[in-house]
Asker: 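For reference, the structure I am asking about is given below.
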Amino acid sequence: MLNDFVKSLIRWYEGSARDLPWRSTTDPYLIWLSEVLLQQTRVDQGLPYYLKFIQAFPTIQHLASASEEEVLKLWQGLGYYSRARNMLQTARYIAYKMNGIFPHNSKTWKQMKGVGDYTAAAISSFAFGEVIPVLDGNVARVTARLLACSEDITKNTTRQLFLQFLEQLIPAAAPAVFNQAMMELGAMVCKPGKPDCASCPVASHCQGRLMGMAASLPVKAKKAKPTLRYFDYFHLVYGNRTWLIRRPSGDIWQGLHEFPMVENTHPEPVPRIPFLQASALQSMALEAEYTHRLTHQLINARFWKIYTTPEQINPLSGIFECAHNRLKEYALHRLMVRYLEQQHIETET
DNA sequence: AATTCGGGGAC
DNA sequence: GTCCCAGAATT
């Protein structure tokens with residue numbers, strides 16, 4: 001009957017799967033790229049980035065020779081920017097230290113930066129036919145319902161249990177299609193909160209459905225509350241120039257650009273501006289205020305526009321200038337992009 | 001084992 | 001508003 005499950009699953013997949021560009025190739029570079037882009041990212045959101053990347057960097061050699069600036073610029077707006085830095089590092093490692101030869105199995109792939117259990121298994125099964133199951137959020141949800149398992153799926157013991165189950169299920173003749181099909185089922189039918197059991201090709205095999213508990217699975221530990229942060233940004237303008245800094249390491253948006261800013265523990269009525277002489281304060285105006293929600297942080301951001309002169313700006317390491325009408329050509333985080341859009345500051349064409 | 005790294009769509 | 005997404009690295 002397990003064999004019947006696999007047959008029904010794959011038959012459904014062959015007949016109604018989405019047509020996604022990385023599914024019609026076995027090029028390990030393209031598959032690797034798609035897997036990294038799609039980590040914790042919906043297909044609809046990652047697809048345009050995939051198309052941009054394969055145009056800018058058609059091969060690993062193109063990527064390996066790119067600067068971090070260029071890669072971050074293309075990654076801008078997608079989030080989890082460490083993926084971009086890790087992928088560039090791995091691209092250079094494979095291109096220059098491994099003569100451009102990709103790892104051929106999951107064990108070696110897992111040694112690459114930015115490649116964990118899931119991505120190593122995905123690349124190895126999709127590009128090289130390795131018989132190894134993938135366990136992402138979709139597969140975990142499908143498996144929990146299939147087995148009517150109420151254990152916390154974030155726990156390692158539960159993951160091991162699922163992998164053990166999947167290893168005996170995955171067909172040696174078609175590991176890639178099986179993995180794709182399990183994920184596709186989770187994305188299109190066995191959705192979180194609202195499983196569409198009526199159109200599920202393997203509903204007859206599902207213990208969760210049989211026991212009427214499919215919709216309440218999987219069980220997952222709840223997250224901690226986000227911490228509050230208060231950012232005051234200073235949009236310093238003189239002539240057609242403005243100022244940017246790069247985000248430091250060890251914090252959010254690492255390596256991305258933004259206006260110089262101060263962080264306060266509480267919202268200050270008038271934020272201090274360490275970048276300016278006091279004489280410039282009279283030209284300060286609050287242009288925008290946003291609440292920006294991240295997974296673990298809630299950021300209150302205020303943008304102060306200040307017209308000034310070069311003489312009023314104190315020297316500060318890490319600050320550099322750029323044309324204010326070309327700001328969008330830099331790698332910026334979403335908060336900055338929102339501000340620029342509201343200010344109708346567009347990229348030069 | 002617990003935290004942190006984002007942005008956006010579904011509800 | 002909450003939850004979750006083709007997860008991984010760090011502590």
Side-chain angles (χ1 to χ4, degrees), chain A residues 17-18 20-23 30-50 72 75-87 89-90 109-127 133-142 144 152-159 176 179-188 190-196 215-227 229 247 249-256 290-299 331-338:
Chain A
R18 291 168 293 179
L20 302 173
W22 47 84
R23 283 178 172 164
L30 297 180
I31 291 172
W32 169 45
L33 172 63
S34 72
E35 292 305 335
V36 175
L37 282 169
L38 293 173
Q39 285 167 5
Q40 291 291 286
T41 304
R42 293 169 193 279
V43 167
D44 291 342
Q45 189 186 2
L47 180 54
Y49 285 85
Y50 176 80
L72 280 175
W75 207 278
Q76 178 174 296
L78 191 59
Y80 283 155
Y81 300 95
S82 289
R83 291 183 292 174
R85 293 190 299 273
N86 288 334
M87 188 171 182
Q89 183 180 335
T90 294
W109 265 111
K110 227 181 100 53
Q111 298 170 10
M112 302 297 113
K113 277 282 166 38
V115 177
D117 290 332
Y118 164 77
T119 304
I123 300 171
S124 301
S125 66
F126 299 157
V134 297
L135 183 53
D136 71 333
N138 288 313
V139 179
R141 180 173 58 256
V142 170
D152 182 353
I153 63 165
T154 66
K155 289 198 168 185
N156 207 354
T157 54
T158 310
R159 279 177 37 85
N179 283 335
Q180 293 277 14
M182 287 290 284
M183 289 193 287
E184 186 76 356
L185 188 68
M188 306 304 290
C190 197
K191 294 176 285 189
K194 209 174 176 181
D196 188 6
S216 60
L217 292 175
V219 172
K220 208 171 183 177
K222 51 182 176 180
K223 302 166 194 167
K225 288 179 183 174
T227 57
R229 300 179 74 176
R247 299 278 310 172
S249 57
D251 201 351
I252 57 173
W253 304 320
Q254 180 180 340
L256 301 191
Y290 303 115
T291 299
H292 192 76
R293 176 180 290 279
L294 288 69
T295 306
H296 298 284
Q297 303 183 28
L298 195 58
I299 296 173
L332 306 164
H333 51 76
R334 181 69 193 128
L335 204 46
M336 291 286 297
V337 174
R338 255 211 288 176

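Just so we're on the same page: letters track the sequence lines, and every chain starts at 1. Note: hydrogens, waters and symmetry copies are ignored here, and every other heavy atom, side chains too, is used.
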Asker: Report which part of the nucleic acid A:Gly193 touches: base, sugar-phosphate, or nothing (heavy-atom distance under 4.0 Å, all strands).
Answerer: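 If one applies the 4.0 Å heavy-atom cut-off, A:Gly193 turns out to touch nothing in the nucleic acid.
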Asker: Under 4.0 Å between a side-chain N/O of A:His292 and OP1 or OP2 of B:dG7, yes or no?
Answerer: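 Answer is yes, contact under 4.0 Å.
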Asker: Tell me every residue that passes side-chain hydrogen bond (donor to acceptor under 3.5 Å, both in side chains) with A:Ser34, counting only those two or more places apart in sequence or in another chain.
Answerer: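 A:Ser34 satisfies side-chain hydrogen bond (donor to acceptor under 3.5 Å, both in side chains) with no residue once adjacent residues are dropped.
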Asker: On the nucleotide B:dG6, are OP1 or OP2 found under 4.0 Å from the side-chain N or O atoms that A:Trp75 carries?
Answerer: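 Result: no.
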Asker: Is it the case that A:Tyr118 and A:Gln39 place a side-chain donor and acceptor less than 3.5 Å from each other?
Answerer: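 Judged by distance alone, the side chains do not pair up.
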Asker: In the 5'-to-3' direction, what one-character label does each nucleotide of nucleotides 4-11 of chain C receive under the scheme B = base within less than 4.0 Å of a protein heavy atom, S = sugar-phosphate only, - = no such atom?
Answerer: BBBBSS--
Asker: Name all residues meeting the salt bridge (charged side-chain N to carboxylate O under 4.0 Å, His left out) criterion together with A:Arg293; count only those two or more places apart in sequence or in a different chain, and write none if there are none.
Answerer: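 Partners of A:Arg293 by the salt bridge (charged side-chain N to carboxylate O under 4.0 Å, His left out) criterion come out as none, since no residue qualifies.
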Asker: Of all residues at least two apart in sequence or in a different chain, which pass the side-chain hydrogen bond (donor to acceptor under 3.5 Å, both in side chains) check with A:Gln254?
Answerer: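 By the side-chain hydrogen bond (donor to acceptor under 3.5 Å, both in side chains) rule, A:Gln254 matches A:Arg85.
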Asker: Would you indicate what A:Ile252 reaches in the nucleic acid, counting non-hydrogen atoms under 4.0 angstrom: base, sugar-phosphate, or nothing?
Answerer: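 Sugar-phosphate contact only - A:Ile252 comes under 4.0 Å of backbone atoms but never of a base.
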Asker: Figure out the NZ/C1' separation between A:Lys194 and C:dC3, and round it to whole Å.
Answerer: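 Interatomic distance, NZ of A:Lys194 to C1' of C:dC3: 15 Å.
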Asker: Take A:His333 and A:Thr157, find for each the nucleotide of DNA chain B with the closest heavy atom, and name the residue whose nucleotide sits nearer the 5' end.
Answerer: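 On the 5' side of the pair lies A:Thr157.
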Asker: Excluding sequence neighbours, so at least two apart, what forms ring-ring contact (aromatic ring centres under 6.0 Å, His included) with A:His296?
Answerer: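 So A:His296 forms no ring-ring contact (aromatic ring centres under 6.0 Å, His included) with any residue.
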Asker: Which sits closer to the 5' end of DNA chain B, A:Asn156 or A:Gly79, going by the nucleotide each is nearest to?
Answerer: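 Residue closer to the 5' terminus by nearest nucleotide: A:Asn156.
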Asker: Under the ring-ring contact (aromatic ring centres under 6.0 Å, His included) test, which residues partner A:Tyr50, sequence neighbours left out?
Answerer: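 So A:Tyr50 forms a ring-ring contact (aromatic ring centres under 6.0 Å, His included) with A:Trp22.
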